Structures are given as C-alpha cells and as structure tokens.
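All chains are named by letter (A, B, ...) in the order of the sequence lines, taking the proteins before the strands, and each is independently numbered beginning at 1. Owing to the predicted nature of the structure, the values given are computational and were not obtained by experimental measurement.
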There are 2 protein chains.
Amino acid sequence: MTTPVKTDYSEDEKLVAMYSKAMGHPARIAILNYLASLDTCFFGDIFEVLPISKATVSQHLTELKNAGLIQGTIESPKVKYCINTENWKMAKKVFERFFSQCCSKVNVCK
Amino acid sequence: MTTPVKTDYSEDEKLVAMYSKAMGHPARIAILNYLASLDTCFFGDIFEVLPISKATVSQHLTELKNAGLIQGTIESPKVKYCINTENWKMAKKVFERFFSQCCSKVNVCK
DNA sequence: CAAACAGTTCGCAAAATTACGAACAATATT
DNA sequence: AATATTGTTCGTAATTTTGCGAACTGTTTG
C-alpha cells in the first residue's frame, strides 16, 4: 500500500507531450498557421514564406506529418500540404482537457 | 510588391512554440497534471511520483519555471511548487486561439 | 557542533534537434 | 533525349536536450 509511483507516463500524457513537441518550434507553428489559413498549399508556398532553407522546411514538415498534424499528397511535380483536420480536432480536444483541469480552484503558492 | 517573406516569426508564434516546447516532454506534462490536481505540493511529492532521478526532476521543474507555467517558493527546507495560474490562463488562451483558426472551413487535401 | 534532510547544481555522456548545401529522384517541358 | 522544376534525402556540424550520480547548499534536528 505504498505511494503509486509512476513507472511510465499515461497515454494521455504522452499524447499531449507528442503534440506539444511537434509544435515546439516557431517555424512549425508558422507552418501550421499558414496551412490553417489556406485551402490548398504547395511546399514551395511554405518555403517561400519562411526564413529557412528548403531542406529544413522539408524536415519540419516531416515532423509535423509524423505527429499527424498535417498531411501531404503528391501532385507531380509538386507536393500539396494541408492540416490533418481529423487529428487537429483531436489535438484541440486534448489540449482543451489539459488546460481546463487547472484554475478551477484557487491553488496558488503562498 | 514581392511575396512577404518572413525574416522572423511573430511574437504569437514564438509564444505558442515556447509553451509547446516546455510541454514537449511526458515528464513535464505529468508534473503539470499533478500540480493542477493539487493545492500545495513539495518537490518531494513530485519526485516521488515520477520514474526519474531527482536531478532530472529538478531540471524539468526549472524548464517549466522558465516557461512561466509553474512557480516555486522556498519553505525551508522544502520547496513548494504550484501552477502559475496567471500564465496558465494565458497559455490556455493562446492555444485556444491557435487551434480555433482551423477546421472552420473545409480545407482538406484532395 | 555533527548529522540528517530537501533540493539544486555540476560534470559528464548519450541522444536528439536544428540547420544547411549538395546530391538525388521524379516528373514536366523544350 | 536534354534540361528545368519541385521536393526529398544525405552527410555533416553545431547546439540542445535528457538523464544520472556525485557534490554541494542551506536548514533543521539531535
């Protein structure tokens, strides 16, 4: 009957952390903002707007794709990117739950 | 009249990225969850619940403090930690705005 | 005053992130 | 068929992150 020491993190904790990590760079936030404001968007459009090389843009896009926040489809010779709305909604929900758990009661230090 | 190429990221983009980065690790999410569920909490309580060394816990706490999401006050010989409600609300708002900008229109690829 | 307690900081190692240019693939154009 | 266009991948370098044990700081207790 000891304290319930965590041997691992919960799925929810891992999920929030995963989305957060993917969003943990201004370039990736800028990409998401940009994609969220558009219907369609090619790699070139994103690259054009960011102050980094295309190799780096491509890397950031891969990370966002791996996190599930965006998706890309080939339209030769271009690649069209967009928000993955399904997962975007999921992330939105997960963050809402996360942030709403605090500040309901007064729990300030001191 | 060329395309408005970004030379830097907006303050909002940097802010979301900063909070996200701080939240980009399951241990830090677990800490925030834990703190959000309590009124008061000492370092030892947090350490006790996590599967990592106290040196590492201390590091994570420092990061969360630097991001402004938590605060700590010394109550010798212990240290009491808690959510920084002011900034927590700020973060909540910032993420709400971020996530609500999408999915209003149908902008799925293909 | 010595020993115990509660955390932080230091020093270090391993791994991951960030960034870029150059090389590469795959289609499109001439 | 050669060349241009569009992105991705590779190789590499610099930096940051993550994690830990050990040493340290500052109270507090014996």
Separation of atom [atom1] in [X] from atom [atom2] in [N], rounded to whole Å:
X     : N      : atom1 : atom2 : value
B:L64 : D:dT17 : CG    : P     : 13 Å
B:I70 : C:dG7  : CD1   : P     : 13 Å
A:E63 : D:dT17 : CD    : P     : 14 Å
A:F47 : D:dT8  : CZ    : C1'   : 13 Å
A:I74 : D:dT8  : CD1   : C1'   : 10 Å
B:E75 : C:dG7  : CD    : P     : 10 Å
A:Q59 : D:dG11 : CD    : P     : 14 Å

### Query
Around atom CD of B:E86, are there more than 12 heavy atoms of other residues, nucleotides or ligands at under 6.0 Å?
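No, CD of B:E86 has 12 or fewer neighbouring heavy atoms, counting only those of other groups under 6.0 Å.
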### Query
Of B:R28 and A:K65, whose closest DNA chain D nucleotide lies nearer the 5' terminus?
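Nearest nucleotide further toward 5': that of A:K65.
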Short side-chain N/O contact from [X] to OP1 or OP2 of [N], under 4.0 Å:
X     : N      : answer
A:H60 : C:dT17 : no
B:K78 : D:dT27 : no
A:T56 : C:dC20 : yes
A:Y81 : D:dT8  : yes

#### Entry: Sequence neighbours excluded - ring pair (Phe, Tyr, Trp, His ring centres under 6.0 Å) pairs with any residue from residues 12-56 of chain B
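Qualifying pairs, neighbours excluded: B:H25-B:H60.
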### Summary
Counting primed atoms, P, OP1 and OP2 as sugar-phosphate and everything else as base, the B/S/- map of nucleotides 23-30 of chain C against protein heavy atoms under 4.0 Å is ----SS--
#### Entry: For A:S53, all residues meeting side chain to side chain contact (heavy atoms under 4.5 Å, CB included), sequence neighbours excluded
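Partners of A:S53 by the side chain to side chain contact (heavy atoms under 4.5 Å, CB included) criterion, ordered by chain and then number, come out as A:A55, A:T56.
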### Note: B:K14-B:E11 ion pair, threshold 4.0 Å (strictly below)
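Counted as a salt bridge, because a side-chain N and a carboxylate O are separated by less than 4.0 Å.
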### Message
Does any part of the side chain of A:I46, heavy atoms only, come nearer than 4.5 Å to the side chain of A:L35, both counted from C-beta?
### Response
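They are in side-chain contact.
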### Query
Taking the side chain of B:F43 as heavy atoms from C-beta outward, which of D:dG19, C:dT8, C:dC20 is closest to it?
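Given the options D:dG19, C:dT8, C:dC20, the side chain of B:F43 is closest to C:dT8.
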